[in-house]
Amino acid sequence: MDSRLRRILSTLFGHGRRTPASGDRRRSAVDGKEQVRIPAGEFFYGKSKETRFLPEYWIDVMPVTQAEYHRFIQANPDHAVPYDSRDWTIRFNWDQEKRTPPRGREQHPVVLVNWSDVMAYAEWAGKRLPTDEEWEKAARGTDGREYPCGDREPTPE
């Protein structure tokens, strides 16, 4: 794991102290993506920092890549590949005949997918999308920080 990802995970899940324990990680059996366990408990939600409780859940560490989405496309030959006819999308379009992602972008996050595509992928992978509350708890931690790294806006490296 690169140092930047380790630092981000440490901030998100260890509140600046540590990354999740090995028992707090797993690999999805279908798509192979790494997931972390978000423990049950309270957290501060929204701008008003309202106290909420969530049960334990698991969430993917990283976005779905073009290569990972390609495995879904291969397993679902009737599902359309990401493609859009607008000019700005040309470099992101998949080859519709070969059903492959754009060359050189295999490790980039998948784009040009809609809600139905995302739901189909999640169902195929045996997952579901996180709720707003789950996403916020995973991204901000339990202590109500404004950003994953604290209350100050992150600065580019």
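Worth saying up front: this structure is predicted, and the values here are computed from it rather than measured.
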Geometric cation-pi criterion Arg26 and Trp58, 6.0 Å radius, 45° cone: yes
Going by heavy atoms in the side chains, are Ile59 and Trp135 under 4.5 Å from each other? yes
Any chain of hydrophobic side-chain contacts (each under 4.5 Å) joining Trp115 to Val111? no
4.5 Å side-chain heavy-atom contact, Pro101 and Tyr69: no
With rounding to the nearest 0.5 angstrom, report the CG to CD distance, Leu54 to Glu136. 10.0 Å
Verify, without hydrogens or angle tests, whether Asn76 (side chain) and Ile73 (backbone) share a donor-acceptor contact under 3.5 angstrom. no
Shortest non-hydrogen contact between Asp117 and Leu112, atoms and distance: OD2-O, 4.3 Å
Any side-chain to backbone donor/acceptor pair from Glu106 onto Gly104? Under 3.5 Å, distance only. yes
Point-to-point distance, once rounded to the nearest 0.5 Å, from CD of Glu123 to CG of Leu129: 11.5 Å
For residues Trp124 and Val113: do they belong to one hydrophobic cluster (side chain heavy atoms under 4.5 Å, members Ile, Leu, Val, Met, Phe, Trp, Tyr)? yes
Less than 4.0 angstrom from a charged side-chain N to a carboxylate O is my criterion; do Lys33 and Glu68 meet it? yes
Taking everything shown except Asp151 itself, do over 12 heavy atoms lie less than 6.0 Å from its CG? yes
Nearest heavy atoms of Gly144 and Arg140, plus distance in Å: O-NH2, 3.3 Å
Looking at Arg99 and Glu97, is any side-chain nitrogen of the basic one under 4.0 Å from a carboxylate oxygen of the acidic one? no
Residues Glu42 and Phe53: closest non-hydrogen pair is N-CD1, 4.0 Å
Going hydrophobic residue to hydrophobic residue with side-chain gaps under 4.5 angstrom, can you get from Phe92 over to Val110? no
Backbone N or O of Val36 within a donor-acceptor pair of the Asp24 side chain at under 3.5 Å? no
Evaluate side-chain contact (heavy atoms from CB on, under 4.5 Å) for Val61 paired with Gln35, printing each intermediate quantity in order. CA-CA 5 Å; Val61 173; Gln35 297 180 303; 5.7 Å; no
Ring centres of Tyr83 and Trp94 under 6.0 Å apart? no
Lys49 side chain to Arg145 main-chain N or O, any donor-acceptor pair under 3.5 Å? no
Within the distance-only criterion (no hydrogens, no angle test), does the side chain of Glu56 pair as donor or acceptor with the backbone N or O of Arg37 below 3.5 angstrom? no
Min side-chain heavy-atom separation Gln66-Pro102 under 4.5 Å: yes
So does Pro109 get a backbone contact from the side chain of Thr65, meaning a donor-acceptor N/O pair under 3.5 Å? no
Of all the heavy-atom pairs spanning Ala120 and His79, show the shortest one and how long it is. CB-CE1, 3.7 Å
Do the side chain of Arg71 and the main chain of Asp31 share a donor and acceptor less than 3.5 angstrom apart? yes
Heavy-atom pair of closest approach, residues Phe43 and Glu133: CZ-O, 3.6 Å
Distance col, row Ser28:OG vs Lys127:NZ, nearest 0.5 angstrom, shows 4.0 Å
If only atom types and distance count, is the side chain of Tyr57 paired as donor or acceptor with the main-chain N or O of Glu134 below 3.5 Å? yes
Check: Met62 main-chain N/O paired with Asp60 side-chain donor or acceptor under 3.5 Å: no
Taking the side chain as everything from C-beta on, heavy atoms only, tell me whether Glu153 gets closer than 4.5 Å to Glu146. no
Output yes when a side-chain donor or acceptor of Arg128 lies under 3.5 Å from a complementary backbone atom of Met119, and no otherwise. no
Please report the closest heavy-atom contact between Ala40 and Lys137, naming both atoms and the distance. C-NZ, 3.9 Å
